[in-house]
Novice: 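Before anything else, here's the structure in question.
Keep in mind that the numbers below use all heavy atoms, side chains included, and drop hydrogens, waters and symmetry copies. For reference, positions follow the sequence shown, starting with 1. All values reported here derive from a predicted model rather than from experimental measurement.
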Amino acid sequence: MTAEEEFVEFAGAVSARLQGMAFLLCGDWHTAEDLVQATLVKVFVSWRRIRQQETAHAYATRTLVNTYLAHKRLRRTGEIPTSELPERAAELPSPETRMVVIAALATLPPKGRAVVVLRYWADLSVDQVAAVLGCSPGAVKSQSARALDKLRSVLGDATAETGAHGRPPEAPHEEPTGSTA
């Protein structure tokens with residue numbers, strides 16, 4: 001099997017996972033597709049230099065995150081983000097919940113978002129995330145803690161507005177007033 005055939009097989013096997021991760025990083029399917037294409041181009045260019053083929057997935061993941069972070073640094077002004085989701089069939093039971101979570105992820109800074117996606121969607125360990133992002137495990141832990149705090153506050157506000165499972169919030173229960181002596 002030639003190197004090109006190996007790469008085509010590899011790209012077919014990892015494209016869907018990279019696409020999902022890229023979408024969680026950027027929140028837009030079109031940008032996610034662009035990020036995955038750019039990532040696969042970079043991996044293809046380095047394919048012959050990847051000595052251990054079993055590490056190719058980790059290399060592709062790191063390349064995707066680096067491509068995303070570089071994309072965020074560019075601050076392109078030619079693209080206008082919209083609140084509309086792309087026309088794709090949602091297989092999840094509650095699309096409202098997914099939209100709330102995606103919107104909450106969008107409030108995070110790029111590195112914090114990358115940490116959350118790698119830790120909790122890609123299910124990488126703290127050390128693995130640190131290796132992907134090129135930082136210390138302590139930095140991953142602090143980024144994760146800050147990002148989760150922000151998500152909790154944003155998601156707490158969102159669930160207060162819509163209530164659990166998209167229903168209007170219930171009226172708060174009043175505590176009985178009495179003196180404590």
Side-chain angles (χ1 to χ4, degrees), residues 1-92 95 98-99 101-137 139-141 143-144 146-147 151:
M1 183 179 276
T2 68
E4 288 79 15
E5 292 170 336
E6 287 177 356
F7 177 78
V8 169
E9 184 177 308
F10 168 78
V14 300
S15 290
R17 183 160 174 82
L18 290 175
Q19 180 90 20
M21 188 180 304
F23 176 74
L24 290 174
L25 287 169
C26 68
D28 177 88
W29 280 112
H30 299 291
T31 305
E33 289 172 353
D34 293 343
L35 289 172
V36 170
Q37 284 182 341
T39 297
L40 290 175
V41 166
K42 291 174 183 179
V43 171
F44 179 72
V45 168
S46 301
W47 189 251
R48 293 182 188 271
R49 289 184 286 157
I50 299 174
R51 293 200 174 139
Q52 298 173 344
Q53 295 301 318
E54 57 272 1
T55 62
H57 181 71
Y59 184 85
T61 301
R62 181 176 181 137
T63 303
L64 174 66
V65 172
N66 289 342
T67 303
Y68 161 72
L69 292 173
H71 174 77
K72 291 307 286 183
R73 281 186 220 112
L74 291 177
R75 298 188 188 265
R76 298 178 183 188
T77 57
E79 297 179 13
I80 301 170
T82 66
S83 61
E84 297 177 29
L85 290 175
E87 294 180 24
R88 285 229 158 155
E91 295 180 14
L92 297 177
R98 183 180 176 135
M99 290 170 48
V101 171
I102 295 296
L105 278 173
T107 65
L108 297 177
K111 254 209 168 139
R113 191 171 180 166
V115 167
V116 169
V117 169
L118 291 171
R119 277 287 288 136
Y120 303 104
W121 187 78
D123 200 27
L124 299 180
S125 70
V126 170
D127 292 331
Q128 290 170 322
V129 173
V132 167
L133 295 177
C135 62
S136 70
V140 170
K141 291 176 186 177
Q143 285 277 344
S144 179
R146 276 183 258 146
L151 286 175

Novice: Kindly give the heavy-atom pair with the smallest separation between Ile102 and Gly27, and that separation in Å.
Specialist: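 Smallest interatomic distance, heavy atoms only, reads CG2-CA, 4.4 Å.
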
Novice: Heavy-atom distance under 4.5 Å between the side chains of Glu4 and Trp47, does that happen here?
Specialist: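 Answer no - side chains too far apart.
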
Novice: Hey, can you pull the donor-acceptor pairs under 3.5 Å for the side chains in residues 37-44, sequence neighbours left out?
Specialist:
residue : atom : partner : partner atom : Å
Thr39   : OG1  : Leu35   : O            : 2.7
Lys42   : NZ   : Thr67   : OG1          : 3.2

Novice: Arg113 side chain to Leu24 main-chain N or O, any donor-acceptor pair under 3.5 Å?
Specialist: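 Confirmed, Arg113 side chain pairs with Leu24 backbone.
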
Novice: Shortest non-hydrogen contact from Ser15 to Val36?
Specialist: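 Between these two residues, the closest heavy atoms are O-CG1, 4.5 Å.
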
Novice: Can you find a heavy atom in the side chain of Thr61 that is under 4.5 Å from one in the side chain of Leu118?
Specialist: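 Contact flag for Thr61/Leu118 side chains = yes.
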
Novice: To the nearest 0.5 angstrom, please state how far the OH atom of Tyr120 sits from the CG atom of Leu151.
Specialist: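 So the gap between those two atoms works out to 10.0 Å.
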
Novice: Which value, rounded to the nearest 0.5 Å, describes the distance between Gln143 atom CD and Arg119 atom CZ?
Specialist: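 That separation rounds to 13.5 Å.
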
Novice: Between Val126 and Pro137, which heavy-atom pair has the shortest distance, and what is it?
Specialist: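 Result for this residue pair: CG1-O, 3.6 Å.
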
Novice: Roughly how far, to the nearest 0.5 Å, is the CD atom of Glu33 from the CZ atom of Phe23?
Specialist: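 Those atoms lie 11.0 Å apart.
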
Novice: Ignoring hydrogens and geometry, is there a side-chain-to-backbone donor-acceptor pair from Arg17 to Ala122 under 3.5 Å?
Specialist: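 Yes, the answer is positive, given that a donor and an acceptor are paired below the 3.5 Å cut-off.
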
Novice: Using side chain to side chain contact (heavy atoms under 4.5 Å, CB included), reason through Leu69 and Leu133 one step at a time and then give a plain yes or no.
Specialist: CA-CA 10 Å; Leu69 292 173; Leu133 295 177; 4.3 Å; yes

Novice: Of all heavy-atom pairs between Ala32 and Cys26, which one has the smallest distance, and what is that distance?
Specialist: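 Where Ala32 meets Cys26 most closely, the heavy atoms are N-SG, 3.6 Å.
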
Novice: So, does Thr55 use its side chain to make a donor-acceptor pair with the main chain of Ala58 at under 3.5 Å?
Specialist: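 No, Thr55 side chain to Ala58 backbone: no donor-acceptor pair under 3.5 Å.
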
Novice: Check for a donor-acceptor pair, side chain of Thr2 on one end and backbone N or O of Glu5 on the other, with a separation under 3.5 Å.
Specialist: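 Side chain of Thr2 to backbone of Glu5, a donor-acceptor pair under 3.5 Å: yes, one is there.
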
Novice: For a side chain to side chain contact (heavy atoms under 4.5 Å, CB included) check, start with the C-alpha distance between Met21 and Tyr68, then their side-chain angles and the critical distance, and finish with the verdict.
Specialist: CA-CA 10 Å; Met21 188 180 304; Tyr68 161 72; over 6 Å; no

Novice: Hey, what do you get for CG (Asp123) to CD (Gln128), rounding to the nearest 0.5 Å?
Specialist: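 Between atom CG of Asp123 and atom CD of Gln128 there are 8.5 Å.
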
